[in-house]
Amino acid sequence: MPHILVIGGGAAGIIAARRAADLGADVTILEKNERLGTKILISGGGKCNLTHSGTMDSVRKAFRTNEGVFLNPAFHAFSNEDFLKILRSRGMADYTRPDGRIFPVDPGTAKDVVAVLTRYVTEAGVQVKYNHAVTDLIISDGRIKGARVDDREFRADATIISTGGSSYPATGATGDGWRWLAAAGHTIEPLRAALAPLYLKTPKPEWSGVALRGPVVRARVNGKEIARWKDDLLFTHRGISGPSTLAISRAVAEYAVREPVKVEVDCVPDQPFEMLQTDFRDQMKYNPRKTTVSLVAPYIPARLLDGFMLSADADPELRGAHLPTKTLNRIVNTLKAWNLGEVQHVPLERGEVVAGGVALAEVDPRTMLSRKIENLYLCGEVLDIAGPVGGYNLQAAWSTGYVAGSHAASRK
């Protein structure tokens, strides 16, 4: 019976450990926290965005091309339906939102998901050692022999590293795996925030907590669009967050290190400029005493109206009968492309995932076996993979963990 060591009991590590145990391996998880799945707890704002409902081919295409090519074998080996069967067979129901995101049915939360997955691991005989923070890997002659926790050694026939990234360090994701693997000869691609909030140079803390529902958020560099996403936006004390912001944050982080990035929002994405302009003109014609601010009010939350009208350079109390065409056009232009300002910082530590990590060329996508170190398997966020918001990243973790566990247990 082979002994498999899994370092890190997050999403990828849980699935890897159970799969290896199912294949007859003796499996030990070394987890630095007091529980498994700590980072799963913050997924989907605590609701846990389990996965995405699309076909595995469409899930793959949501990633950047090289990442999707790498993930293809894993997605075919372990699909979104395969993962959902684990939860459903243990009494957890799920539902799919119109955008394809899958969540536990209320009152189920991320805590319930972690509880189910913890039982899923332990019922298979996997030994979980909590509060065991690995300090180093045991490698000799190009082969991994296990890991150290301070002065104590844990030897194994194969080792799976699923330590995650470095976002939300309070969850225990502090990038330890990258440090060990870099020292062992692996290439670590530059780390960038992904699925992170944006801090703006001129934030509006008085708007904190206000949301725009379903706008298109765009990022621009020197006027050129570099990213866009249609979903909710949330104002914060330091800038903006919400699904649309998280979705564009990776591209923003990549550009912001060398060029200023500005963010704008289309508050009425389903109406083109001309249609909105005609609608406003009709309202002015039939309601000449209507104020300009009342024209805008259906599209902009009340707490943002003063700031919006200032951005549009429009007198909020001006009556429709006296509204110049130029002012009307500025209002419509601002609704379609409201400049929220320049990005000051994309906080790596606040991202749900991190872009960058172990270079994909150094890992066999069919097995998750390191091409640098014998008997070493890598899975989950420690790899240079970062998908968009919507359950894609958890699915990448489930799938790569399954492949790592499968091949670690079956390799002679």
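- Checked by atom type and distance alone, the side chain of Ser89 pairs as donor or acceptor with a backbone atom of Ile86 at under 3.5 Å.
- Between Arg143 and Asp141 there is no salt bridge, since no side-chain N of the basic residue sits under 4.0 Å from a carboxylate O of the acidic one.
- Side-chain contact between Arg35 and Leu41 is present, with at least one heavy-atom pair separated by less than 4.5 Å.
- Atom CG of Asp306 has 12 or fewer heavy atoms from other residues, nucleotides or ligands within 6.0 Å.
- Using a 4.0 Å cut-off between charged side-chain N and carboxylate O, Glu123 and Arg18 make a salt bridge.
- Figure legend: Arg97 and Tyr95 shown without cation-pi pairing, the cationic atom not lying both under 6.0 angstrom from the six-membered ring centre and within 45 degrees of its axis.
- Nearest heavy-atom pair, Pro243 versus Arg101, reported as atom, atom and distance to 0.1 Å: CB-NH2, 3.7 Å.
- The backbone N or O of Gly46 lies less than 3.5 Å from no partner atom in the side chain of Lys111, so there is not a single donor-acceptor pair.
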(message) Test salt bridge (charged side-chain N to carboxylate O under 4.0 Å, His left out) on Arg148 and Glu153; report intermediate values, then the result.
(response) CA-CA 5 Å; Arg148 294 186 183 90; Glu153 291 190 351; 3.5 Å; yes

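- Within 6.0 Å of atom CZ in Arg88, more than 12 heavy atoms from other residues, nucleotides or ligands are found, so the atom counts as buried in its surroundings.
- Partner His52 forms a ring pair (Phe, Tyr, Trp, His ring centres under 6.0 Å) with one of Phe75, Tyr392, Phe83, Phe63 and no other, that one being Tyr392.
- The aromatic rings of Trp338 and Phe308 lie perpendicular to each other, with more than 60° between the two planes, well past the 30° mark.
- In the displayed structure, Lys47 atom NZ is contacted under 6.0 Å by more than 12 heavy atoms of other residues, nucleotides or ligands.
- Residue-environment remark: NZ (Lys290) exceeds the threshold of 12 foreign heavy atoms within 6.0 Å.
- Looking at Arg250 and Glu254, a side-chain N of the basic residue comes within less than 4.0 Å of a carboxylate O on the acidic one, giving a salt bridge.
- Taking the charged nitrogens against the carboxylate oxygens, Arg60 and Asp57 do have a contact shorter than 4.0 Å, which makes a salt bridge.
- Under the 30°/60° scheme for interplanar angles, the aromatic rings of His132 and Phe154 are found to stand perpendicular.
- When all heavy atoms of Ile373 and Ala184 are compared, the pair lying nearest together is CD1-CB, 3.4 Å.
- In terms of modelled atom types and a separation under 3.5 Å, the side chain of Ser53 and the main chain of Gly100 share a donor-acceptor contact.
- Heavy-atom contacts from other residues, nucleotides or ligands closer than 6.0 Å to CD of Glu34 number 12 or fewer.
- Of the candidates Ile7, Val126, Ile160, Ile29 forms a side chain to side chain contact (heavy atoms under 4.5 Å, CB included) with just one, namely Val126.
- Closest of all the heavy-atom pairs between Asn393 and Gly387 is OD1-N, 2.6 Å.
- Scanning both residues, Gly37 and Val114, for their nearest heavy atoms gives O-CG2, 3.5 Å.
- The two residues Tyr255 and Ile226 make their nearest non-hydrogen contact at CD1-CD1, 3.5 Å.
- The aromatic rings of Tyr299 and Phe280 sit tilted, their planes meeting at an angle between 30° and 60°.
- A salt bridge is defined here as a Lys NZ or Arg NE, NH1 or NH2 lying under 4.0 Å from an Asp or Glu carboxylate O, and Asp176 with Lys32 meets this definition.
- In terms of heavy-atom proximity, Arg303 sits nearest to Ser208 at NH2-O, 3.0 Å.
- For Glu264, the salt bridge (charged side-chain N to carboxylate O under 4.0 Å, His left out) partners two or more places apart in sequence, or in a different chain, are Arg218, Arg220.
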